[in-house]
Amino acid sequence: MSVGIDDISFATSNFYLDLKSLADVQQIEADKYYLGIGQEKMGMVSLDEDVVTMAANAALPIVEKIDRQSISTVLFATETGIDQSKAAGIFVHGLLELPARCRVVELKQACYSATGALQMACALVARNPQQKVLVLASDIARYDLDSSGEATQGCGAVAMLISANPRLVEIEPESGHYTEDVMDFWRPNYRSTALVDGKYSTKIYLKALKQAWSHYHEVSGVEFDQLDYVCYHLPFSRMAEKAQLQLAKFSKSSADSAALLARIEPTLHYNRILGNSYTASMYIGLNSLLDNADQDLSGRRIGFFSYGSGCVAEFFSGRIVPGYKAHLHSEQHARMLAEREELDYNAYLRFYHATHPIDGGDHQFEPKTRGHFRLAGISQHKRIYSAR
Ligand code: HMG
């Protein structure tokens with residue numbers, strides 16, 4: 001019996017800033033962003049969008065197609081938590097009308113925790129193949145204005161159904177891990193934006209990659225050139241390109257640069273126009289590969305490098321299941337992305353500074369998002385969600 005990803009879908013906010021608008025205000029060339037970090041647009045949320053609405057919107061097309069009673073567990077990975085106590089996944093559980101006989105938990109370790117959730121889900125399903133686990137990863141990446149990280153903001157959510165004999169990706173059992181106590185990126189409870197030592201964070205990312213890969217290679221015996229594609233954690237797409245070239249050199253790959261970059265190119269399409277979506281980003285990269293690869297991926301082995309600052313990293317692999325194409329939500333993704341609205345720089349600032357009220361009063365938010373689920377208001381410190 002194999003275990004893995006039976007269905008996958010993603011969602012993002014309705015609004016974005018083109019990085020050219022940011023570059024124009026900063027009086028620098030747009031190519032610093034378009035080429036230098038490989039990003040074109042970054043998603044911005046309106047007041048009626050948050051990690052819950054994005055996650056519920058990502059999961060809706062998946063749960064609509066199955067018997068909801070079969071979902072035994074919801075694991076919600078995020079570092080943009082909305083409550084210190086209640087798991088954000090419980091709101092999603094309610095919106096999606098999932099069964100009461102279900103466990104729901106929130107997980108945190110920077111951008112890594114969705115991978116922790118995926119591995120736990122695979123273990124649960126291996127123990128009881130009748131059950132299905134819904135893994136959700138949803139985040140809003142925010143940095144200070146005029147900081148090095150500003151152009152790498154973004155947002156998005158991914159939903160994955162983990163089951164026995166999956167229709168999309170069989171997750172292989174071997175994986176390599178790496179943990180080190182470092183301060184490359186963090187967000188104390190009293191801050192809404194992350195603090196980051198940008199250049200240091202990229203060095204730690206690459207160090208963790210080599211360590212996690214070495215462990216994976218040792219336990220699996222898989223050579224780098226046996227990976228047909230690699231999905232990297234995507235803080236920005238140039239990071240994945242650097243990672244791919246460094247890992248190829250480290251593992252003495254015989255492939256040339258063009259061939260190496262071709263093995264990650266289809267994973268980057270969505271991230272380039274969403275920006276960093278922290279926990280969701282590597283899996284939105286997988287969704288990008290499945291939706292956008294020119295060739296049939298059936299039987300191909302995919303490497304995954306998941307990285308979360310602080311830091312925890314994991315390298316693992318999966319095989320694409322023949323017939324996967326019939327189960328993708330590619331058209332819906334294309335429609336959602338086409339419907340997004342561009343913000344000019346002043347509107348971006350308004351979105352950036354807009355915050356949810358904390359006075360305990362009754363507040364309703366103007367409908368802005370086109371997503372199926374929205375945050376309708378906050379009343380007496382309670383978030384109120386609604387469906388369109
Ligand atoms: P920066 O100021 O954009 O860096 O910051 P830069 O000045 O070195 O420019 C970047 C690249 O653009 C350079 O190329 C320039 O040459 C090039 P490189 O040397 O890298 O090859 N460039 C141009 N190219 C073409 N045309 C031009 C042009 N001008 C310049 N006109 C930095 C980069 C990563 C520091 C910044 O974006 C940052 O602080 N980002 C936030 C932190 C981050 O994303 N770190 C990544 C690793 S950590 C991680 O992934 C975890 C994370 O997701 C959080 C979590 O785990 O929860 C962040």
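For ligands, and for the atoms within them, numbers begin at 1 and follow the listed sequence.
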Considering only heavy atoms of [X], which atoms of ligand 1 have at least one such atom less than 4.0 Å away?
| X | result |
| --- | --- |
| R238 | 14 (O), 21 (O) |
| A110 | 55 (C), 56 (O), 57 (O) |
| G308 | 56 (O) |
| P235 | 44 (O), 46 (C), 50 (O), 53 (O) |
| V196 | 42 (C) |
| N276 | 53 (O), 58 (C) |
| E79 | 55 (C), 57 (O) |
| T152 | 37 (O), 40 (N), 41 (C) |

Does any N/O atom on [X] come nearer than 3.5 Å to any N/O atom on ligand 1?
| X | answer |
| --- | --- |
| Y205 | no |
| M239 | no |
| T202 | no |

Is it the case that the side chains of [Y] and [X] hold a donor-acceptor pair, with the cut-off being a distance below 3.5 Å and no angle test?
| X | Y | answer |
| --- | --- | --- |
| S220 | E174 | no |
| T369 | D48 | no |
| S175 | E314 | yes |

### Message
By the definition side chain to side chain contact (heavy atoms under 4.5 Å, CB included), identify the one residue from V133, V135, I66, V63 that meets it with L161.
### Response
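It is I66, the one option of V133, V135, I66, V63 that forms the side chain to side chain contact (heavy atoms under 4.5 Å, CB included) with L161.
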### Query
Which of the listed options, S201, S277, A208, holds the heavy atom that is closest to atom 43 (C) of ligand 1?
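Looking at heavy atoms only, the winner is S201.
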Is the [X] to [Y] ring centre distance short of 6.0 Å?
| X | Y | result |
| --- | --- | --- |
| F15 | F351 | yes |
| F305 | Y205 | yes |
| F365 | H356 | yes |

Closest approach of any protein heavy atom to [atom], naming residue and atom:
| atom | answer |
| --- | --- |
| atom 1 (P) of ligand 1 | K32 NZ, 3.6 Å |
| atom 53 (O) of ligand 1 | H233 NE2, 2.8 Å |
| atom 25 (C) of ligand 1 | D31 O, 3.4 Å |
| atom 22 (N) of ligand 1 | G36 CA, 4.0 Å |
| atom 31 (N) of ligand 1 | E29 OE1, 3.0 Å |
| atom 4 (O) of ligand 1 | K199 NZ, 2.9 Å |
| atom 39 (O) of ligand 1 | S148 OG, 2.6 Å |
| atom 20 (O) of ligand 1 | K242 NZ, 2.3 Å |

### Query
Mind checking whether Y143 and F185 have parallel, tilted or perpendicular rings, split at 30° and 60°?
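It falls in the perpendicular class, over 60°.
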### Task
Classify the ring geometry between H217 and W213 as parallel (under 30°), tilted (30 to 60°) or perpendicular (over 60°).
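Answer is parallel, since the angle falls under 30°.
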### Query
Counting only non-hydrogen atoms of the protein, does one fall under 4.0 Å from atom 13 (C) of ligand 1?
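No, there is no protein heavy atom closer to it than 4.0 Å.
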### Task
Please check if a non-hydrogen protein atom sits closer than 4.0 Å to atom 16 (O) of ligand 1.
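Looking at atom 16 (O) of ligand 1, one finds that no protein heavy atom lies closer than 4.0 Å.
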### Task
Answer yes or no: is there a side-chain heavy-atom contact under 4.5 Å between Y232 and I264?
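Sidechains of I264 and Y232: in contact.
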#### Entry: Minimum side-chain heavy-atom gap D362-Q380 below 4.5 Å
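Heavy-atom side-chain distance check passes, below 4.5 Å.
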### Message
Quick one, Y352 with R350, criterion side chain to side chain donor-acceptor pair (under 3.5 Å). Give me CA distance, side-chain angles, the key distance, then yes/no.
### Response
CA-CA 5 Å; Y352 181 94; R350 279 198 302 280; over 6 Å; no
### Query
Which is it for L375 and L47 under the side-chain contact (heavy atoms from CB on, under 4.5 Å) test, yes or no, and what are the steps along the way?
CA-CA 7 Å; L375 176 62; L47 275 185; over 6 Å; no
### Message
Would Y143 count as a contact residue for ligand 1, given that I'm defining contact as a non-hydrogen atom of the residue lying under 4.0 Å from a ligand atom?
### Response
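The answer is yes, since Y143 has a heavy atom less than 4.0 Å from ligand 1.
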### Message
Once you restrict to heavy atoms under 4.0 Å, what part of F236 touches ligand 1? Side chain, backbone, both or neither.
### Response
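F236 to ligand 1: side-chain contact only, backbone stays beyond 4.0 Å.
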### Task
Using the test salt bridge (Lys or Arg N to Asp or Glu O under 4.0 Å), find all partners of E342 that sit at least two apart in sequence or belong to another chain.
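Not a single residue meets the salt bridge (Lys or Arg N to Asp or Glu O under 4.0 Å) criterion with E342.
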